[in-house]
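Before any comments, here is the structure.
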Amino acid sequence: MAEASAEEHHEQRLSWKEGLFLVGPDPLTSPYYSSGALIAAGVGYATPLFQIGLYLLLFLLAPLYVEAVLLTLSNGGTYVMTRYSLGHLGRVAILVAALVGIVISFSYVATAIVSLLAYSDYVYSLVAEMHSGATLAAIGLSVIPSIGFGVWVMPRQWRPVSVAVLATAGISAMLSSVMSTGAVIMLPPLVMLFILNNQGLKESVKVSKTIFLINLVVMGITILVCLLSLVVNGADFSRFIDGAQLALADSPGLADTHEHHGQIHSLPGFATFGAPLILAGAGVSILGASGVESVMNIPEELDNPRRDIARIYRWMLSLLLGIGGSLSLLLFLVLEPEQLAGSASYLLAVLGQQGFLGVFGSETLAGAWKIVIVANAALMLIGACNTGFAGARGLWQTMARDSLLPRMILDPNEHGAFSRIHWMMLIAIFLLAIEGSWDLSKLERWYGVTFGLVMFSGVIAFILLRKFRSEDRRVYRAPLNFNFGGTKVPLAALLGLVVLGYALLSMYGSYSGELGELRTLVTIVAFGVAGVILMYNHRPLLRAAHSYYRRVIDTVESTAIETEDRTVVVAVGSVRIGRLIEKGIALARMQSKVTGIPYRQMVVFHMSERVTSETVYEVTRQSIRPAGLAPDATRIFTQLTELAPEELRVYLAVVPPVDREESDNLTAALDSLVAFHDQHNFTGHMVVVGTYGVDPERFAGLNERLEGSTLVPIPLYGE
């Protein structure tokens, strides 16, 4: 019963709104810090131009991400794009993709720890005036949303959730004398998120949804009140041209715990803007794109990714442009220069305070709204950490399927959640925080570099997809294509290369004096690559150590497939594999129950140009991947070891194309499938083929050619 419950829970998928709620909080935190970071970099009154320009660039890049995801329909994002585009290079593709995967992994872990430490800053600022006992009071405040979310999402488990959070708070209080303030304040929400993610997707989405909607309400009210304040009090637009000299070094706002690059004495305008400031602004502004990669790590969790991925990007980026763009302009229209320079990490709180003061004239009401915005920022950072969990989970699932991580992390718990992945995330968060000495500024710089590399490598991986996988069927193509080196490349990809490359150059220039602090990052990545190489080669090493076991998997002749037993033949390509195999297994079970005649065999058919003759492997859950397996078949074999049921004999048949001169891959695959069907006399059995991106006319012709068998077209992901 427990196993059935886990399987049923795992089948739950997210609507596009739930997907938006899950990944949306991370990018929507950027208005809280982007303007302050750009001001600290010396950009001054050109800050809104950089922020809005970035949001528009993301709109241009979104079609690239949509095309890539709909091509593979797999979690993994840039990692999958890299591995799939370079698949013809064999092991080299895996190693290059592994390096990309390590950088993305670092980015997600850094997202979580940076969000949590920034959360601690916001919570502590609410009680900072207490001086004595402020840390204990902040821990107490941190307990409130942690227990609140846990009990609300899981009311039947309110007691264990409350005990876990309160026990964590007690430990935090004891550790407060030996650990930093930020470290102990963040522990209760971290434990709460860990527990909820171990319950399943729906539970973690419910937390993110609440946080997401609260933020929309708070930001909407803030924008409306600030617009009214401008109508009542007017604004000085000349500062955008001439800039402003600061009369004071600091403002009386909230204390800012972030480090800046020196003290700010002026805010330049466009008249004094030069190339050095453009370079500085490009590197800092790219952090405002935080979280856009996460959408590419949840397509397998969505009910209909073909429709939902584009819809999530459209809504997420529209909200980011509307909210982030409006706030970036209002900051420089409502606040005085001294206020802009005084509290870079709390600018939105000061903006809300000034807006309410300008409209209502009440210090009490303005101060209360300031606290509301700070509390809302803290909640949003909990949501951003939850996005980090979701992104890392999707990426590490895919890397584990490729044997770059231990396969044991793919075993779900009794709720259908990947608790071992969440344990990995929890441990990684603490290890990275310890390496960074719990220093938020240092961790932010590490995160900035890795995130810039993730976006830049994503554009390169997309161009490689267009170059090496140009003939693959696509249900969507990014528009505005140009011929670039013999490859059709969207204009957005070329712009992305220039802008993101420029941003990375800026980061290198900004951090050139701090490379010593980044040496740890380089060391971590180097050891990670070495570990991945060892992990990827552990099976060949085992085979070498056990030379008497000459073939780890018994290879049987194609004639050994018995056709006396009822058989389901599942035809798969290089992507969208797991879902199709799951449907084939479910079909065999259903037919066995309906007809009373058990289906005892499933044959997974795959055409590969890398083989010269038909090879058949019998696969069980304990099977170890054989040597010399065709690259495209490696992932299929891995998926079968995850999904192979005990009641079915499962075979993987890797077959060469019947006509190697055929240029259309789909036609060649269908011809080879028919030849395979006829050769093995599968008359009277069932043949399963996915409908994704295939014309109905193709199925009609295939059905006529598969004489005596039943063709079952399978719609995937709600298409």
Side-chain angles (χ1 to χ4, degrees), residues 71-74 80 82-94 97 401-403 464-465 467-474 536 539 551-561 569-581 584 602-619 623-644 650-680 682 687-690 692-694 698 702:
L71 178 63
T72 62
L73 281 185
S74 173
V80 167
T82 305
R83 188 205 68 212
Y84 184 57
S85 63
L86 299 177
H88 60 288
L89 300 179
R91 185 167 297 179
V92 173
I94 290 292
R401 290 169 183 164
D402 291 337
S403 298
L464 292 175
L465 276 177
K467 181 173 180 60
F468 296 116
R469 296 287 184 170
S470 59
E471 300 301 321
D472 285 15
R473 303 189 311 278
R474 285 168 166 80
Y536 183 72
R539 287 184 173 86
R551 288 299 294 261
V552 180
I553 300 299
D554 291 331
T555 302
V556 299
E557 296 299 328
S558 58
T559 54
I561 297 180
V569 179
V570 183
V572 300
S574 301
V575 294
R576 300 179 286 275
I577 301 162
R579 187 70 169 165
L580 196 55
I581 295 173
M602 181 175 73
V603 177
V604 176
F605 167 88
H606 174 68
M607 187 200 76
S608 174
E609 296 181 351
R610 301 296 295 269
V611 298
T612 56
S613 61
E614 178 182 305
T615 308
V616 180
Y617 303 94
E618 184 172 3
V619 186
S623 297
I624 301 177
R625 189 175 64 245
L629 194 63
D632 285 346
T634 300
R635 184 171 172 78
I636 304 172
F637 191 98
T638 304
Q639 290 268 283
L640 285 173
T641 59
E642 295 176 35
L643 302 173
V650 178
Y651 296 96
L652 169 61
V654 185
V655 179
V658 173
D659 182 5
R660 292 187 177 272
E661 301 299 324
E662 174 60 57
S663 59
D664 182 55
N665 287 339
L666 178 58
T667 300
L670 295 181
D671 290 344
S672 300
L673 175 60
V674 172
F676 179 78
H677 170 270
D678 294 342
Q679 176 185 348
H680 293 281
F682 280 119
V687 180
V688 176
V689 179
Y692 190 81
V694 183
R698 297 264 195 175
L702 180 61

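Positions are given from 1 along the sequence.
To the nearest 0.5 Å, atoms CG (Leu643) and CE (Met602) are separated by 7.5 Å. In this structure, CD in Glu614 is found 5.0 Å from CZ in Phe676, a value given to the nearest 0.5 Å. Note that CG of Leu673 is 5.0 Å distant from CZ of Phe605, once rounded to the nearest 0.5 Å. Atom CZ of residue Arg83 and atom OG of residue Ser74 lie 6.0 Å apart, to the nearest 0.5 angstrom. How far OG1 of Thr612 is from CZ of Arg660: 7.0 Å, rounded to the nearest 0.5 Å.
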*For side chain to side chain contact (heavy atoms under 4.5 Å, CB included), just list the numbers for Ile636 and Gln639, CA-CA rounded to whole Å, side-chain angles, deciding distance to a tenth of an Å, and then say yes or no.*
CA-CA 5 Å; Ile636 304 172; Gln639 290 268 283; 5.7 Å; no

_Intermediate values then yes/no, side chain to side chain donor-acceptor pair (under 3.5 Å), Arg469 and Thr72_ = CA-CA 11 Å; Arg469 296 287 184 170; Thr72 62; over 6 Å; no

_Arg401 and Ile577: CA distance, side-chain angles, deciding distance, side chain to side chain contact (heavy atoms under 4.5 Å, CB included) verdict_ = CA-CA 12 Å; Arg401 290 169 183 164; Ile577 301 162; over 6 Å; no

*asked:* Determine whether His677 and Leu702 satisfy the following criterion, side chain to side chain contact (heavy atoms under 4.5 Å, CB included), listing intermediate values before the conclusion.
replied: CA-CA 11 Å; His677 170 270; Leu702 180 61; over 6 Å; no

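Ile94 has its side chain out of reach of Thr634: every pair of non-hydrogen atoms, C-beta onward, lies at least 4.5 Å apart. Inter-residue side-chain proximity for Thr641 and Val619 is flagged as met; some heavy-atom pair is nearer than 4.5 Å. The closest side-chain heavy-atom distance from Glu609 to Asn665 is below 4.5 Å. Taking the side chain as every heavy atom from C-beta outward, Leu640 and Tyr617 never approach each other to under 4.5 Å. By the 4.5 Å heavy-atom criterion applied to side chains, Arg610 and Val654 are not counted as neighbours. Side-chain contact between Asp659 and Asp671 is absent, with no heavy-atom pair separated by less than 4.5 Å.
Pairing each heavy atom of Ser613 with each of Pro656, the nearest pair is C-CD, 3.6 Å. The two atoms that bring Ala571 and Val689 nearest to each other are CB-CG2, 4.2 Å, heavy atoms only. The two residues Ala633 and Leu652 make their nearest non-hydrogen contact at O-CD2, 4.2 Å. Taking all atoms of both residues into account, the shortest heavy-atom contact from Pro657 to Ser608 is CD-O, 3.6 Å.
Qualifying side-chain contact (heavy atoms from CB on, under 4.5 Å) partners for Asp678, counting only residues two or more places apart in sequence or in other chains: Val674. Residues forming a side-chain contact (heavy atoms from CB on, under 4.5 Å) with Ser470 (at least two apart in sequence, or on another chain): none.
With hydrogens and angles ignored, the 3.5 Å screen pairs no side-chain donor or acceptor of Thr638 with any backbone N or O of Asp402.
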